[in-house]
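Structure, as structure tokens:
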Protein chains: 2
Amino acid sequence: MLPLASQRSPKPEDLPSELSGLRLTKQRREVLAVILQERDHPTANDVYLRSQNRMPSISLATVYNCLEALVSHGIVRQVNFEREPSRYCPNLADHCHFQDQNTGKIHDVFFKEGVKLEDFLDLPQGTEISHLEISLKGNIGH
Amino acid sequence: MLPLASQRSPKPEDLPSELSGLRLTKQRREVLAVILQERDHPTANDVYLRSQNRMPSISLATVYNCLEALVSHGIVRQVNFEREPSRYCPNLADHCHFQDQNTGKIHDVFFKEGVKLEDFLDLPQGTEISHLEISLKGNIGH
DNA sequence: AAATAGAATTAGAATTATTCTAAAATATCT
DNA sequence: AGATATTTTAGAATAATTCTAATTCTATTT
């Protein structure tokens with residue numbers, strides 16, 4: 001199977017029944033399909049609303065449960081901007097996020113080829129980074 | 001006067017009565033003094049508890065108001081780690097934050113001399129960044 | 001296929017950080 | 001001082017998220 005991040009918008013039924021050791025139940029598959037469908041970094045509530053199209057009986061608690069399962073199994077990334085509600089991103093490649101202050105839209109931003117953390121940060125030596133989040137805000141054009 | 005970030009722990013009464021166009025009321029001065037005193041990135045609630053030592057009548061709402069005033073006037077920085085409560089930091093120098101997962105403590109991390117955003121990020125051209133937050137988690141030693 | 005056991009889903013309550021509201025207090029201006 | 005604006009305050013409200021406990025589903029075993 002193609003890596004998830006490269007598939008366009010698989011329907012829930014096209015997704016496998018297990019992924020990275022996580023059983024993909026109907027709901028988890030639906031939630032994942034929603035996240036893969038529109039890569040606009042939806043919030044949990046956005047995912048809830050969109051899931052209801054195909055699965056009107058899904059509950060918000062389940063959406064939260066599914067998101068947590070997908071995130072903890074490394075299938076989806078949780079993205080935070082200050083105190084705003086968390087957003088979810090299926091792009092697992094090393095990248096960070098830019099929020100256009102005019103539109104509110106969030107864009108993936110990638111690292112320059114071959115750049116390492118130690119190249120631009122003065123980390124206390126011996127530090128092992130397990131989690132990194134870079135969030136940018138600003139304007140495009142001028 | 002010395003830049004705030006370089007003063008060790010001014011008592012509230014040592015702080016000026018106005019700063020960056022913000023009137024420093026008794027409470028704002030107290031809140032600011034608390035943040036300058038222990039640079040351990042306290043949460044609003046930490047600030048509230050510490051302020052009560054010298055000012056037992058201060059309210060939590062006031063602490064939030066003061067923090068908001070200090071942050072919006074660029075006197076203090078608000079620091080976020082995922083969904084944890086915001087923390088506050090008097091170091092205005094361009095820097096980011098590392099949370100030691102063993103101790104929970106947060107350390108300031110600085111950029112390598114002369115590094116610019118565009119050196120390590122592939123920003124869509126024409127982007128003007130108004131806000132940048134980098135949060136790291138991991139372990140020190142091995 | 002029925003019985004069982006474990007896991008997932010659900011509705012709704014609970015939690016928690018933060019914001020809001022409206023009144024009281026304080027400061028500033030004339 | 002009196003008028004006006006700003007700040008503080010207590011407590012209520014909000015909103016995202018987590019928890020609880022009951023139910024339903026799934027997979028496995030008989």
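Quick note on labels: first sequence line is chain A, next is B, and so on, each numbered from 1.
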Could you give the [atom1]-to-[atom2] distance, from [X] to [N], as a whole number of Å?
X       : N      : atom1 : atom2 : value
B:Glu30 : C:dT26 : CD    : P     : 17 Å
A:Glu84 : C:dA17 : CD    : C1'   : 15 Å
A:Leu24 : C:dA7  : CG    : P     : 17 Å
B:Glu82 : C:dA17 : CD    : P     : 16 Å
A:Ile58 : C:dT9  : CD1   : P     : 8 Å
A:Met55 : C:dA8  : CE    : C1'   : 12 Å
A:Gln52 : C:dT9  : CD    : C1'   : 15 Å
A:Asn65 : C:dA11 : CG    : P     : 12 Å

Checklist line | Within 6.0 Å of NZ in A:Lys112, more than 12 heavy atoms from elsewhere | finding: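 Check passes, neighbour count above 12.
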
Checklist line | B:Gln125 atom CD, neighbour heavy-atom count above 12 within 6.0 Å | finding: no

[N] phosphate, OP1 or OP2: any side-chain N/O from [X] under 4.0 angstrom?
X       : N      : result
A:Thr25 : C:dT9  : yes
B:Tyr64 : C:dT19 : no
A:Arg83 : C:dT18 : yes

Check: When the nearest nucleotide of DNA chain C is assigned to A:Leu60 and to B:Asn80 on a heavy-atom basis, which residue is associated with the more 5' position?
Finding: A:Leu60

Item checked: Along DNA chain C (nearest heavy atom to each residue), the more 5'-positioned of A:Leu22 and B:Glu68 ->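 In this pair, the answer is A:Leu22.
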
Looking across every strand, which nucleic acid part, if any, lies under 4.0 Å from [X] by heavy atom: base, sugar-phosphate, or nothing?
X       : value
B:Asn45 : nothing
A:Thr62 : base
B:Thr43 : nothing

Margin query: Between the side chains of A:Glu82 and A:Lys137, is the shortest nitrogen-to-carboxylate-oxygen separation below 4.0 Å, so that they form an ion pair?
Written below: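 Salt bridge flag = yes for A:Glu82 with A:Lys137.
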
Next item on the list: Ignoring hydrogens and angles, state whether a donor on the side chain of A:Ser130 or B:Gln101 is under 3.5 Å from an acceptor on the partner side chain.
Entry: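 A pair is found: one side chain offers a donor N or O, the other an acceptor, under 3.5 Å apart.
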
Checklist line | Between B:Gln78 and B:Ser86, a side-chain donor and acceptor under 3.5 Å | finding: yes

Note to self: B:Asp94 vs B:Arg77, test: salt bridge (charged side-chain N to carboxylate O under 4.0 Å, His left out). Steps then yes/no.
What the structure shows: CA-CA 10 Å; B:Asp94 217 9; B:Arg77 257 183 73 181; 5.3 Å; no

Next item on the list: Measure from the side-chain heavy atoms of A:Ala61 and tell me the nearest of C:dT9, C:dT10, C:dA17.
Entry: C:dT10

Hey, is the main chain of [Y] close enough, under 3.5 Å, to the side chain of [X] for a donor-acceptor pair?
X        : Y        : result
A:Thr103 : A:Lys105 : yes
A:Gln99  : A:Gly104 : yes
A:Arg29  : A:Ser17  : no

Next item on the list: Note down the inter-axis angle between the two ends of the helix from C:dA1-D:dT30 to C:dT30-D:dA1, five pairs each, to the nearest 10°.
Entry: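 The end-segment axes of the helix from C:dA1-D:dT30 to C:dT30-D:dA1 are tilted 20° relative to each other.
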
Next item on the list: Answer with yes or no after comparing the ring centroid distance for A:His97 and A:His107 against a 6.0 Å cut-off, counting only values under it.
Entry: no

Checklist line | Range on DNA chain D touched by chain A, heavy atoms, distance below 4.0 Å | finding: D:dA16 to D:dT26

